[in-house]
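Notes follow once the structure below has been shown.
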Amino acid sequence: MGAVPAGSAADVDAAVKAARSALPGWAATAPTRRAELLAALSDELAACQDQMASLITAEVGTTIGFSRRVQAGLPVTMTRF
């Protein structure tokens with residue numbers, strides 16, 4: 001998957017600022033386009049669902065079935081409609 005560096009309070013502030021500045025553009029995006037973007041995100045999440053589930057199982061200790069279905073599966077489900 002990748003590595004994630006530790007974040008600082010300044011990193012959080014920058015992320016919040018970026019999200020706030022992106023909101024008007026997202027709100028102005030046509031619903032059909034937003035649906036397309038969320039479907040693409042869902043497809044990407046589904047493509048790495050098994051890998052995410054394996055990592056979650058290794059890190060947290062949940063069963064692979066639970067990790068696949070819930071912890072890695074819910075993001076896929078929630079971004080599809």
Side-chain angles (χ1 to χ4, degrees):
M1 274 284 205
V4 178
S8 65
D11 293 327
V12 173
D13 290 342
V16 170
K17 183 178 179 181
R20 284 188 177 142
S21 68
L23 182 59
W26 179 254
T29 302
T32 53
R33 180 64 181 141
R34 283 188 265 169
E36 291 169 356
L37 292 167
L38 288 172
L41 172 62
S42 184
D43 291 344
E44 292 295 324
L45 291 169
C48 60
Q49 186 173 349
D50 287 338
Q51 184 181 8
M52 286 190 298
S54 294
L55 291 170
I56 292 166
T57 293
E59 181 178 338
V60 181
T62 57
T63 64
I64 189 67
F66 182 80
S67 294
R68 188 177 292 120
R69 191 174 55 260
V70 177
Q71 294 172 295
L74 266 176
V76 174
T77 301
M78 298 305 292
T79 52
R80 288 202 174 139
F81 52 92

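Values below: every heavy atom of this structure, side chains too, minus hydrogens, waters and symmetry copies. Model, not experiment: these values are computed from the prediction.
Contact check for L37 versus W26: side-chain heavy atoms found under the 4.5 Å cut-off.
The closest donor-acceptor contact from the side chain of Q49 to the backbone of R68 lies under 3.5 Å. A distance-only check finds a donor-acceptor pair linking the side chain of D11 to the backbone of S8 [under 3.5 Å].
Here the CG-CG distance, from L55 to D50, works out to 11.0 Å after rounding to the nearest 0.5 Å. One distance of note links CD1 of I56 with CD of Q51; it measures 10.5 Å at 0.5 Å rounding. Note that CZ of R33 is 10.5 Å distant from CG of L38, once rounded to the nearest 0.5 Å. We find the OG1-CZ distance between T63 and R69 to be 6.5 Å, quoted to the nearest 0.5 Å. For the atom pair CE of M78 and OG of S42, the computed distance is 11.0 Å after rounding to the nearest 0.5 Å.
Closest heavy-atom contact between A18 and S21: O-OG, 3.0 Å. Heavy-atom minimum distance, S67 versus T57: OG-OG1, 2.8 Å. Residues M52 and L45 share a closest heavy-atom pair of CE-O, 3.6 Å.
When only modelled atom types and interatomic distance are considered, R34 and T29 share no side-chain donor-acceptor pair under 3.5 Å.
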